[in-house]
Amino acid sequence: MSDALGLPRVRHVPAWMAGLLFGFPMVEALCASVRINNESIKRELRWKPRYGTFDEGLPKTLPGLQA
């Protein structure tokens, strides 16, 4: 996301250190995978995503979110 915004990359902070600062439940929630599979939606509803990949769609979507 920082690349798409033209900002410097965010540095990595170990999860255990972030847990000490923000609480382990918060860090666990932020690090949890939210991947989904949209194959059944594409097949059953004949839906096609606007952008083929996250990397393709993010730079085109961010300007609308910043407005």
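Residue indices begin at 1 and follow the sequence shown. This structure is a prediction, so every number in the text was calculated from the model and none was measured.
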Given the rule that I, L, V, M, F, W and Y join up when any side-chain heavy atoms are under 4.5 Å apart, are V13 and L20 in one cluster? yes

Nearest 0.5 angstrom please: M17 CE to H12 NE2, how far? 9.0 Å

Between atom CG of N38 and atom CG of L45, what is the distance when rounded to the nearest 0.5 Å? 11.0 Å

side-chain contact (heavy atoms from CB on, under 4.5 Å) partners of P49, counting only residues at least two apart: K42, W47

Do L58 and Y51 come close enough that some side-chain heavy atom pair is under 4.5 Å? no

Give a yes or no on this: more than 12 heavy atoms of other residues, nucleotides or ligands lie within 6.0 Å of atom CD of E28. no

Looking only at heavy atoms, the pair that brings W16 and F24 closest together is O-CE2, 3.7 Å

